[in-house]
Amino acid sequence: MDDQNQPSDVPTPRMLSWARNSTIYRLERRMMTEKQLFDAITRKAKQKFEDISPAQLKALAASAVKFAYDVKALDDVAYAAASTRSAVRGGKSKRSIAQKLSSKGVASDIVDTAIEHADDLFAAVVFARKRSFGPFRHCDVDEKRKVKELSAFARNGFSFEIGRKVFAMSRGEAEEVLEPGLAL
């Protein structure tokens with residue numbers, strides 16, 4: 001058997017060039033975590049190069065991640081911070097933000113730092129406004145509706161105390177909570 005038919009552990013120059021271009025293409029369009037980039041390059045390389053070895057796949061994805069760090073296009077800390085700000089403005093709880101960041105491969109210490117200053121009360125009021133709950137309700141409250149609204153807060157990762165606090169607010173109090181966040 002000659003050396004050309006045996007797969008190498010080192011990616012070819014063509015593979016490395018493709019990985020660089022693919023990395024640039026992906027990171028121009030949206031921020032990604034290190035894990036997301038590694039997984040995307042691995043998945044696409046399997047499709048593009050038919051006889052690529054597992055060692056080549058790993059080396060190719062690792063080189064793509066290194067390239068992204070070298071050009072400063074990959075930063076899990078910045079990704080976590082931006083995602084957290086966006087999620088809070090969208091009415092997501094700290095717990096749900098942490099879960100989502102962890103699922104995307106962000107390290108737990110980075111997640112903890114990112115959600116440290118997130119305002120759960122602000123996010124809960126945004127959530128209530130989106131769902132017409134609590135102070136933003138358009139109809140009278142009965143026991144069934146009260147349970148439904150408080151359950152929705154809990155399912156979305158807010159503590160019972162936060163849900164109860166938002167539920168008890170007047171519309172004016174809720175809008176005061178939202179005012180500082182309008183500048184975000």
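No experiment lies behind these values; they were computed from the predicted model shown. Just the heavy atoms: all of them, side chains too, but no hydrogens, waters or symmetry mates, feed the values below.
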Quick check: closest heavy atoms across [X] and [Y], and the distance to 0.1 Å?
{"X": "Val88", "Y": "Asp119", "value": "CG1-O, 4.0 Å"}
{"X": "Ile41", "Y": "Ala19", "value": "CD1-O, 4.2 Å"}
{"X": "Ser63", "Y": "Leu60", "value": "OG-O, 2.8 Å"}
{"X": "Val125", "Y": "Met169", "value": "CG2-SD, 4.1 Å"}

Would you confirm whether [X], through its side chain, and [Y], through its main-chain N or O, come within 3.5 Å as a donor-acceptor pair?
{"X": "Ser93", "Y": "Asn156", "result": "yes"}
{"X": "Ser17", "Y": "Pro13", "result": "no"}
{"X": "Glu28", "Y": "Tyr25", "result": "no"}
{"X": "Thr33", "Y": "Lys104", "result": "yes"}

Could you tell me whether [X] atom [atom1] has more than 12 heavy atoms of other residues or ligands within 6.0 Å of it?
{"X": "Gln99", "atom1": "CD", "value": "no"}
{"X": "Arg14", "atom1": "CZ", "value": "no"}
{"X": "Lys92", "atom1": "NZ", "value": "no"}

Quiz item: side chain to side chain contact (heavy atoms under 4.5 Å, CB included) between Ile162 and Phe153: does it pass, once the steps are laid out?
Solution: CA-CA 8 Å; Ile162 295 270; Phe153 279 107; 5.6 Å; no
Quiz prompt | Non-hydrogen side-chain atoms of Leu16 and Phe67 separated by less than 4.5 Å | solution = no
Quiz prompt | Short N-O contact, Lys66 and Asp70, less than 4.0 angstrom | solution = yes
Quiz item: Leu101 and Ser83: side chain to side chain contact (heavy atoms under 4.5 Å, CB included), yes or no, with the steps?
Solution: CA-CA 8 Å; Leu101 289 173; Ser83 293; 3.9 Å; yes
Quiz item: For the residue pair Phe167 and Phe133, is the inter-centroid distance of their aromatic rings smaller than 6.0 Å?
Solution: no
Exercise. Working to the nearest 0.5 Å, report the span between CZ of Phe158 and NZ of Lys165.
Key: 13.5 Å
Quiz item: How far apart are the C-alpha atoms of Arg26 and Ser22, what are their side-chain angles, what is the distance that settles it, and do they pass the side-chain hydrogen bond (donor to acceptor under 3.5 Å, both in side chains) test?
Solution: CA-CA 6 Å; Arg26 289 170 195 297; Ser22 185; 3.2 Å; yes
Quiz item: Going through the distances and angles, do Lys35 and Asp39 end up as a salt bridge (Lys or Arg N to Asp or Glu O under 4.0 Å)?
Solution: CA-CA 6 Å; Lys35 180 184 182 298; Asp39 292 347; 3.0 Å; yes
Exercise. With side-chain hydrogen bond (donor to acceptor under 3.5 Å, both in side chains) as the test, would you mind laying out the steps for Tyr79 and Glu34 before giving the verdict?
Key: CA-CA 10 Å; Tyr79 178 88; Glu34 180 179 328; over 6 Å; no
Self-check item: Test log, rule salt bridge (Lys or Arg N to Asp or Glu O under 4.0 Å), inputs Arg137 and Glu149
Solution: CA-CA 10 Å; Arg137 188 180 315 105; Glu149 290 181 13; 3.0 Å; yes
